[in-house]
Amino acid sequence: MPRYNPAVIEPKWQNYWDVNKTFATPDLPVGEKLYVLDMFPYPSGNGLHVGHPEGYTATDITCRFERMRGKSVLHPMGYDAFGLPAEEHAIRTNTPPRESTENNIETFTRQLKMLGFSYDWDRSIATTDVEYFKWTQWIFLQLFDTWYDLEKQQGRPINELPIPQDVVAAGEREVRLYQDDHRLAYQADALVNWCPELGTVLANEEVIDGRSERGSHPVQRIPLRQWTLRITAYADRLENDLEHVDWPSGIKKLQADWIGRSTGAEVDFFIGPADDITQWKAERLAGGFPRKPGDDVLRIYTTRPDTLFGATYMVIAPEHPFVERLTTDDCREAVDNYCQQASLRSDRDRTEDTSTKTGVFTGGFAVNPVNDELVPVWVADYVLISYGTGAIMAVPAHDQRDFEFAQTYDIPVVAVVDPGEDSEDRDDVLAGKVCSTVQGRAIHSEEYDGLETAVFKEQIQTALTEQGWGRAAVNYKLRDWLFSRQRFWGEPFPILHELGDDGEPNGLIRSVDIADLPVDLPYLEDYKPHGRPEPPLGKAPDEWLYCEIDGKRYRREINTMPQWAGSCWYFLRFIDSKNGEVFVDPEKEKAWMPVDLYIGGAEHAVLHLLYARFWHKVLFDRGHVSTPEPFQRLVNQGMILGEMEYSVFQDADENWVSFAAATRSATGDYHHRENGSELQQIQLDQQQVTRKGDGWVLVEDENIGVDGRCYKMSKSRGNVVNPDVVVSDYGADSLRLYEMFMGPLVATKPWNMSGVNGVRGFLDRVWRMIVDDRVDNLAVNAALSDDGPTAEQLKVLHQTIQSVTVDTENLDFNTAIARMMEFVNFFTGQQSRPQSIMQSFLLLLSPYAPHIAEELWELLGSDKTLAYEPWPVCDESLLVENTIEVPVQIRGKVKTRISVAADISQADLEQAARADKRVTELLSDAEIIKVIVVPGRLVNFVTK
RNA sequence: GCCAGAGUGGCGGAAUUGGCAGACGCGCUGGAUUCAAAAUCCAGUGGCCGCAAGGUCGUGGGGGUUCGAUUCCCCCCUCUGGUACCA
């Protein structure tokens, strides 16, 4: 086997690592620990994609590198196997979900092993393992057993929740309902995102543009009783603690924006009989602002209480409970129609065109407490029932949306903030002709006139509180997490609904005893979604569905948990994956957590990463984990795009048409921009195009512009690269190396198969540098010697050690590989290659291309893996240069280079530069104004 | 619209604190080897002018700071990703 043949050596070493459990991790770290985690994959039916090995190779290199540097490394892998994609695949292939999931897991495992990743496979888990989701259910019960203490800012056991006296007096049932109302996991009637196509409700985070994130199906809003997790209780901590983690700033900002904290005030507008306003104000002055608004007021939320005097109308959401009460008889028909329309409009319709606002007057009025003016109340769908109080005061002069609405319906615009003399459109703002949202000085605001916005806000806040009209308030864009799904393939909730004498649920619930976990999924003949909101588990056999405890009959909860449940804590289970007593042993948890490096795609910025942090904080509050944050450092790998594609158009007569001349219709057809004729899109080979100016053109007619771009890999485009094919054509080491060599880890990069061929060429040269490829048996290259290395050889080695070490530490894998290529280029030209240097090089290469490194390491006489050999150390004394080349510039342009002693003084360097023949020549008839001399760097003569 | 990120040869990309632009790889060109090809090895390879020495332009565009800018500042353009009535 003289030639480099990955097909033989790669399986050999994968088997070696497997059999010898080379990468088994001890229960507790020995010495310094390092927990390196990949975002575990969904084992979809399509198998691995080249995007997966990108992050996985990066973490694998880091792990192999740090093991050699003596760290105890935890590097596990598992599968996020519950949820829609797996279930959809099971339905498509007509197999039971567990069976198809297990098949997919098998495929993924085979593919991952084929790439030589150094996972401790004994720790592998799938979220669908019964022994795993037993603990997912257990954690859910922790959430169920926890209420949030706002004062202490901490989640606490439900039995420590103070119960108000009136509730205690109302009896046991009321106490239990009160507790249920305060749990972190609670049931609520809410307008939910119902997706008929998928047959389930979805979390806000899973709905994009009114369509499902998975499959892009339409989503409707329907009211449904659902399990919800009180993530909003943790909103401030989730935002503030971002400060302490080492994450990309973009992701932090995304999370902070998603949480969307805003501060302002809640204000009550009186809607009772006009004559009662004086009495109402007296009551409020005495009694203060009530926690819950009564029927006689419309409570609004505003971030600009300083604009209260500019409120010329109010808006309530179509779903607001007061619509009925505020609507007068002569407006009723119009209001009913509008609300009816709004309920039918999907969220997509509602958000499609946000510039046209619609609404209808209710006929009702409310009293603005600050000036006792009557303000008309409208219903409009630009106000959302789910945010704030579902009602607003509209200040068209200082809010863009209100302004647009007021324009449409001819509502007065009263400016109450003077944007200041510097403002360009000040006159128009003051005249109510344009809207201005900037801060300024108050006008038309009675005693507040002249105040700056910030000061006004503070003063009015105090006044509102004193009068009992309002209070300071905080709101979040983040909503509580809708946690139940009407699908089969998810964790069952460990919850029982008590049945009354009539056999129907009586509203009381209890958790399944921890000793009775897990609640496994029942066998179902038919688990497919049917488009109605009743979960398939409702069809489970009675022995699963019903049970009796202490003489009471119960029916099981039949919703299932969403996909995200299992991924919220998997990193904890990896630490102690086989523990049957607890979800993770506290000692081990303390030793390994937090995750030191977490690499995965940016698409999980607000879903997985926010949910997991939330669960972790609950577990932290309840004393089950030792760190407030799970993931200390996060890195997002960039997307890998398909290969470059060139396209152009042809008309019906096969005449070429420039790409720019085509326009795409709504149906997806292409037409000529000018004459409207139908066009055909034509894909071109690289040979058919050439570069001209900024763009590409046809070789045969350079007047025809061609579009050249890289697209996301997708099955429908047919540009997906399959890792199996790359491994069989080039080998796993080549795939690993190429994915790292393409460019920076975090960058989006296009795939290019000839680049894989290029790194394969590098590995071929590595092989030939050490192996004699002209004999039949595996033998070392005759150029290898036991002679001592030359000074130059040593210097090249140690330069390489230094660069590869620093680059690997910084995840700059592409430049580390470039340095190793330079090493090989140099040593290929050396007639004598000292064995010790070759060995050091193999150690540097091994995290990147572990199979070939192990094979050659063995060939050079070792009998065990190099995985734990000490990482080579750079001897900096060998890198010291005696002489260096310094560029000499004239007016900032390099004219020549001079060779000088490395430690030359500033004065000597200038002398040496002036003495240079070429410099003398160029300076002969020039007047030197200034000389810049940077020792070791350059000399620059500034001349006239 | 808003928020991120990015624009460097034919392509992917490199370049410490502002100090030699284009490392490394692909591709291409020429040569060696070969009956031939593949593979391999050697040399060259940003544009323009020039036989050459050399000159000149050049990091999306325009301006600025500086002895010196891919790097810092201002304005603009393009692309990619995210997001959208959150009061």
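Order of the sequence lines sets the chain letters (A, B, ...), proteins ahead of strands, with each chain counted from 1. Because only heavy atoms are used, hydrogens play no part in the values below, and waters and symmetry mates are left out as well, while side chains stay in.
- The closest side-chain donor-acceptor pair between A:Thr232 and A:Asp480 falls under 3.5 angstrom.
- Taking the side chain of A:Tyr382 as heavy atoms from C-beta on, and the options B:C26, B:C85, B:G19, the nearest nucleotide is B:C85.
- Separation of the P atoms belonging to B:U8 and B:U70 is 14 Å when rounded to the nearest angstrom.
- Among the atoms of the strands shown, base atoms are found under 4.0 Å from some heavy atom of A:Gln889.
- Using a 4.0 Å heavy-atom criterion, one finds that A:Arg765 contacts the sugar-phosphate atoms exclusively.
- A donor-acceptor distance shorter than 3.5 angstrom exists from the side chain of A:Arg833 to the backbone of A:Met769, with no hydrogens or angles considered.
- Figure legend. B:U16 is base-paired to no nucleotide; pairs are counted as Watson-Crick or G-U wobble with both atom distances under 3.5 Å.
- Searching all strands for a Watson-Crick or G-U wobble partner of B:C28 with both distances below 3.5 Å returns B:G44.
- Taking only side-chain nitrogens and oxygens, A:Lys893 comes nearer than 4.0 Å to OP1 or OP2 of B:C57.
- Here, B:G82 and B:G10 have their P atoms 30 Å apart, quoted to the whole Å.
- Ring geometry for A:Phe405 versus A:Tyr409: interplanar angle of 30 to 60°, hence tilted.
- Rounded to a whole Å, the CH2 atom of A:Trp258 is 9 Å from the C1' atom of B:U83.
- Within 4.0 Å of A:Gly388, counting heavy atoms only, lies no atom of the nucleic acid at all.
- Side-chain proximity of A:Val942 to the nucleotides B:U56, B:G82, B:C67 is greatest for B:C67.
- Taking atom P in both B:U78 and B:G30, one finds a spacing of 41 Å when rounded to whole Å.
- Here B:G7 sits opposite B:C77 as a Watson-Crick or G-U wobble pair (both hydrogen-bonding atom distances under 3.5 Å).
- Between the P atom of B:G12 and the CZ atom of A:Arg709 lies a distance of 14 Å, rounded to the nearest Å.
- Within the shown strands, nothing qualifies as a pairing partner of B:U33 under the Watson-Crick or G-U definition with both distances less than 3.5 Å.
- Closest of all the heavy-atom pairs between A:Val894 and A:Pro887 is CG1-CB, 4.1 Å.
- For A:Phe741, the side-chain atoms get nearest to B:C24 when compared with the rest of B:A87, B:C24, B:G55.
- Rounded to whole Å, atom C1' of B:C85 lies 15 Å from atom CG of A:Asn475.
- One P atom belongs to B:U71, the other to B:G60, and the distance between them is 8 Å to the nearest Å.
- Using a 4.0 Å heavy-atom cutoff across all strands shown, A:Arg768 reaches sugar-phosphate atoms only and no base atom.
- With both ends at atom C1', the span from B:U59 to B:A23 equals 15 Å, rounded to whole Å.
- Here B:A69 sits opposite no nucleotide as a Watson-Crick or G-U wobble pair (both hydrogen-bonding atom distances under 3.5 Å).
- Between A:Met821 atom CE and B:A14 atom C1' there is a gap of 13 Å when expressed in whole angstrom units.
- In this structure, A:Gly755 and A:Thr263 both approach RNA chain B, and ranking their closest nucleotides by distance from the 5' end singles out A:Gly755.
- For the pair A:Glu822 CD and B:G22 P, the computed distance is 13 Å after rounding to whole Å.
- Among the heavy atoms of the strands, none lies under 4.0 Å from A:Arg891.
- Nucleotide B:C3 holds its P atom 14 Å from the CG atom of A:Leu254, rounded to whole Å.
- Listed candidates were B:G68, B:C20, B:C26. Nearest to the side chain of A:Asn940 is B:G68.
- Residue A:Lys477 is in base contact, counting any heavy-atom pair closer than 4.0 Å across all strands shown.
- Counting any heavy atom pair closer than 4.0 Å across all strands shown, A:Ser249 reaches no nucleic acid atom.
- Classification of A:Arg304 and A:Asp306 as a salt-bridged pair holds, one side-chain N sitting under 4.0 Å from a carboxylate O.
- When the nucleotides B:C24, B:A14, B:A87 are ranked by their closest atom to the side chain of A:Asn825, B:C24 comes out on top.
- Using a 4.0 Å heavy-atom distance criterion, A:Trp696 is classed as a sugar-phosphate-only contact.
- B:A43 and B:U65 have their P atoms separated by 46 Å, given to the nearest Å.
- Across all strands shown, A:Arg760 has no heavy atoms under 4.0 Å from either base or sugar-phosphate atoms.
- More than 12 non-hydrogen atoms from other residues, nucleotides or ligands lie less than 6.0 angstrom from CD of A:Glu885.
- Base-pair partner of B:C2: B:G82 (Watson-Crick or G-U wobble, both distances under 3.5 Å).
- Classification of B:G9 as syn follows from a glycosidic angle within 90° of 0.
- Ring-plane geometry between A:Trp696 and A:Tyr646 is classed as perpendicular, the angle between the planes exceeding 60 degrees on a 0 to 90 degree scale with a lower cut at 30.
- Ring geometry, A:Tyr313 versus A:Trp378: the interplanar angle exceeds 60°, so the pair is classed perpendicular (tilted spans 30 to 60°).
- Checking B:U59 for Watson-Crick or G-U wobble geometry (two distances, each under 3.5 Å) identifies no partner in any strand.
- Of the residues near RNA chain B, A:Ile932 and A:Asn814, the one whose nearest nucleotide (by heavy atom distance) lies more toward the 5' end is A:Asn814.
- Looking at the side chain of A:Tyr387, the nearest of the listed nucleotides B:C67, B:A23, B:A87 is B:A87.
- For A:Val934, the side-chain atoms get nearest to B:G19 when compared with the rest of B:G55, B:G12, B:G19.
- Here A:Phe841 and A:Phe823 bring their ring centres to under 6.0 angstrom of each other.
- Contacts of A:Lys252 with the nucleic acid, taken as non-hydrogen atoms under 4.0 Å apart, are absent.
- Across every strand in view, B:C51 sits unpaired, with no contact that passes the Watson-Crick or G-U test at under 3.5 angstrom.
- The nearest whole Å value for the distance from the CG atom in A:Asn810 to the P atom in B:A15 is 11 Å.
- Atom OH of A:Tyr4 is separated from atom C1' of B:U40 by 17 Å (rounded to the nearest Å).
- For A:Ser754, counting side-chain heavy atoms from C-beta on, the closest listed nucleotide (B:G54, B:G81, B:C26) is B:C26.
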What do the steps show when you test A:Tyr338 against A:Thr358 for side-chain hydrogen bond (donor to acceptor under 3.5 Å, both in side chains), and what is the final call?
CA-CA 9 Å; A:Tyr338 184 80; A:Thr358 61; 2.8 Å; yes
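- Checking B:C20, B:G55, B:A23 against the side-chain heavy atoms of A:Val894 singles out B:C20 as nearest.
- Only the C1' atoms considered, B:U83 is 37 Å distant from B:U16, to the nearest whole Å.
- The P atoms of B:G22 and B:G46 are separated by 9 Å, rounded to the nearest whole Å.
- Closest approach to the A:Lys895 side chain among B:A15, B:U56, B:A87 is made by B:U56 (side chain taken as heavy atoms from C-beta onward).
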